[in-house]
Protein chains: 2
Amino acid sequence: MWPVTTPKNSGRRAHLVSLAGDLFAEKGFRATTVREIADAAGILSGSLYHHFDSKESIGDELLSAFLDDVLAGYREAATDTDPRAAIERIVRSSTATLSRHRAALTMLQNDWAYFSAQPRFGYLRTAMKEIEQTWVDQLTRGRETGLFRADLDPRLTYRLLRDILWIPTSWSQSKGAWTNDEIVDGLLRLLFDGITARP
Amino acid sequence: MWPVTTPKNSGRRAHLVSLAGDLFAEKGFRATTVREIADAAGILSGSLYHHFDSKESIGDELLSAFLDDVLAGYREAATDTDPRAAIERIVRSSTATLSRHRAALTMLQNDWAYFSAQPRFGYLRTAMKEIEQTWVDQLTRGRETGLFRADLDPRLTYRLLRDILWIPTSWSQSKGAWTNDEIVDGLLRLLFDGITARP
DNA sequence: GCGCGCCTGCCAAACGCTTGCTCGGGCGGA
DNA sequence: TCCGCCCGAGCAAGCGTTTGGCAGGCGCGC
């Protein structure tokens with residue numbers, strides 16, 4: 001099937017994907033039109049189809065690159081034998097990865113239903129399952145070794161934490177009020193210790 | 001100007017708003033078409049304009065009702081003199097309100113940029129400011145009275161917490177794995193104490 | 001109690017516009 | 001001469017919205 005148009009290793013193509021990603025990150029995938037992407041590149045909308053066979057191909061490229069990156073970080077973090085250290089590595093890895101893939105995150109947040117319903121994007125569900133399993137494993141291990149609270153619900157905690165991690169990326173550049181490090185430190189502190197003062 | 005079409009106190013109109021809200025909650029505001037709303041009501045798309053002068057009017061009705069509800073809960077919660085109790089009341093009030101207005105939340109999450117850019121929806125920014133102020137006030141009070149950690153950043157913590165609260169509503173009915181009470185209890189526990197076990 | 005006007009609720013058929021996408025052709029560098 | 005890259009023009013489909021009209025019920029004057 002490939003290359004229908006331009007080979008994937010074209011520099012021009014990668015540049016266009018990057019431009020489209022900026023727009024997707026701001027407005028979401030469906031809300032961004034191919035004409036806007038073309039305008040950003042200084043060409044006409046029809047000319048985009050010399051490089052991609054559809055708008056979804058651009059989204060596919062961004063999403064698959066993102067998930068590959070996320071999973072690589074998770075797999076490495078999961079090698080740590082200490083659950084607390086593993087979770088901290090997962091958090092820091094996630095934050096770093098997300099800041100590199102703001103477009104993909106916005107797409108997943110806004111148009112998850114749209115993508116996950118299509119067979120083409122079936123890898124989204126697969127990847128999500130692995131992400132969940134990684135979290136649940138570490139949380140369960142930490143609970144069983146007495147490191148975490150005994151009444152901790154690993155799956156519920158994962159669901160909360162995963163979505164929490166995705167949040168700061170949305171406002172990472174709107175106001176430069178906090179640096180990435182400040183955010184992740186504040187988050188880790190909240191996660192491990194809560195907001196209550198300890199004597 | 002009003003009533004251009006049907007009076008606001010019409011029962012039929014309220015029913016249509018409710019139907020549209022269900023669709024908005026699932027697909028977002030912009031992704032839902034007036035034809036889909038009409039189909040759900042068993043009428044033609046044009047007939048909707050006998051009740052509303054635009055699609056945005058339906059959104060307006062849902063959003064303003066939501067924010068009125070949220071602010072009422074926050075104002076009542078803020079009367080508590082104990083910061084920890086006030087925050088717990090804010091959290092519980094938010095959870096209850098959000099479960100009653102899933103459509104509005106989805107609309108704000110997916111199409112915030114779209115709405116907040118329009119003068120018609122200027123009250124969104126106003127309400128958000130009051131919400132932020134309520135959170136920051138309570139967090140600051142708690143920190144100054146030694147109840148919360150001295151190194152707590154009220155604004156950063158607010159930004160995290162506000163978005164965290166909005167999360168569970170998104171998956172409140174996808175899987176009935178947890179009840180609303182379980183979620184809010186888990187959230188409060190996480191918020192106050194973190195995940196670490198205490199001797 | 002009957003006709004009349006009015007109101008609510010909806011239909012049928014479009015309108016102007018935007019969407020993602022197609023296709024033949026041209027241009028410049030290798 | 002080829003090939004990567006783009007133009008110019010346009011298509012079908014879908015979008016929110018408008019318009020004119022019709023059916024039925026309710027109240028009011030006579």
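These numbers come from the heavy atoms of this one structure, side chains and all, not from hydrogens, waters or symmetry mates. Residue numbering restarts at 1 for every chain, and letters A, B, ... go by the order of the sequence lines.
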Participant: At less than 4.0 Å, is any side-chain N or O atom of B:Arg12 found next to OP1 or OP2 of C:dC10? Yes or no.
Facilitator: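 Yes, such a contact exists.
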
Participant: Quick check against the 3.5 Å criterion: does A:Thr157 have a side-chain atom that pairs as donor or acceptor with the backbone of A:Asp153?
Facilitator: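 Looks like yes, one N/O pair under 3.5 Å.
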
Participant: Would you indicate, yes or no, if C:dC7 has its OP1 or OP2 atom less than 4.0 angstrom from a side-chain nitrogen or oxygen of B:His50?
Facilitator: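 Answer is no, no contact under 4.0 Å.
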
Participant: Atom OH of A:Tyr114 to atom C1' of C:dT19: distance rounded to whole Å?
Facilitator: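 Rounded to the whole Å, the gap is 11 Å.
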
Participant: Applying ring-ring contact (aromatic ring centres under 6.0 Å, His included) as the test, list every pair that has at least one member in residues 18-44 of chain B; sequence neighbours left out.
Facilitator: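 Residue pairs passing ring-ring contact (aromatic ring centres under 6.0 Å, His included), neighbours aside: B:Phe24-B:Phe29, B:Phe29-B:Phe115.
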
Participant: For the pair made of CG in A:Leu44 and P in C:dC23, what is the distance, rounded to whole Å?
Facilitator: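 Those two atoms, CG and P, are 18 Å apart.
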
Participant: Take the protein atom CG of B:Asp60 and the nucleotide atom P of D:dG16, then report the distance between them rounded to whole Å.
Facilitator: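 Rounding to the nearest Å, CG of B:Asp60 and P of D:dG16 are 17 Å apart.
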
Participant: Closer than 3.5 angstrom, by distance alone: can the side chain of A:Trp135 be matched with the main-chain N or O of A:Ile131 as a donor-acceptor pair?
Facilitator: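 Looks like no, no N/O pair under 3.5 Å.
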
Participant: Expressed in angstrom and rounded to an integer, what is the separation of B:Phe52 atom CZ from C:dT8 atom P?
Facilitator: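 From B:Phe52 CZ to C:dT8 P: 14 Å.
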
Participant: Rounded to whole angstroms, how far apart are CG on A:Asp111 and P on C:dG20?
Facilitator: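 It is 12 Å, rounded to the nearest whole Å.
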
Participant: In whole Å, what is the span from the CD atom of B:Glu56 to the P atom of D:dC15?
Facilitator: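 Spelled out: CD on B:Glu56 to P on D:dC15 is 16 Å.
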
Participant: Using OP1 and OP2 only, check whether a side-chain N or O of A:His51 sits under 4.0 Å from D:dC6.
Facilitator: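 Affirmative; the distance criterion is met.
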
Participant: Has the side chain of A:Arg84 got a donor or acceptor atom that lies under 3.5 Å from a matching backbone atom of A:Leu147?
Facilitator: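 Pair absent, no side-chain N/O of A:Arg84 close to backbone of A:Leu147.
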
Participant: It should be established whether A:Tyr49 places a side-chain nitrogen or oxygen under 4.0 Å from OP1 or OP2 of nucleotide C:dT22.
Facilitator: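 So the side chain of A:Tyr49 is outside the cut-off, no N or O lying under 4.0 Å from OP1 or OP2 of C:dT22.
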
Participant: Just call it for B:Ile43: base, sugar-phosphate, or nothing, with non-hydrogen atoms closer than 4.0 Å on any strand.
Facilitator: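 Sugar-phosphate only.
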
Participant: Ignoring hydrogens and angles, tell me if any N or O in the side chain of A:Asp111 forms a donor-acceptor pair with the backbone of A:Tyr114 under 3.5 Å.
Facilitator: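 Here the side-chain-to-backbone pair does not exist.
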
Participant: Whether the side chain of A:Ser45 and the base of C:dC21 hold a donor-acceptor pair under 3.5 Å is what I'd like checked.
Facilitator: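 Side chain to base: pair found, below 3.5 Å.
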
Participant: Rounded to the Å, how far apart are A:Asp53 CG and C:dT22 P?
Facilitator: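 Rounding to the nearest Å, CG of A:Asp53 and P of C:dT22 are 8 Å apart.
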
Participant: Using heavy atoms and a sub-4.0 Å distance, could you list which residues of residues 30-41 of chain B are near DNA chain D? By number, please.
Facilitator: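 Those residues whose heavy atoms fall under 4.0 Å from DNA chain D, taken from residues 30-41 of chain B in numerical order, are B:Thr32, B:Thr33, B:Val34, B:Arg35.
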
Participant: Is there a side-chain contact between A:Asp163 and A:Tyr158 (heavy atoms, below 4.5 Å)?
Facilitator: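 No. Closest side-chain heavy atoms not under 4.5 Å.
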
Participant: Could you state the CG-C1' distance from B:Leu48 to C:dA12, rounded to the nearest angstrom?
Facilitator: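 Computing the B:Leu48:CG to C:dA12:C1' distance gives 15 Å.
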
Participant: Measuring to OP1 and OP2 of C:dG9, would you say a side-chain N or O of B:Ser47 lies under 4.0 angstrom away?
Facilitator: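 It does not, given that no N or O in the side chain of B:Ser47 lies less than 4.0 Å from OP1 or OP2 of C:dG9.
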
Participant: So among B:His50, B:His51, B:Glu61, which one has a side-chain hydrogen bond (donor to acceptor under 3.5 Å, both in side chains) with B:Arg13?
Facilitator: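 The single option meeting the side-chain hydrogen bond (donor to acceptor under 3.5 Å, both in side chains) with B:Arg13 is B:Glu61.
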
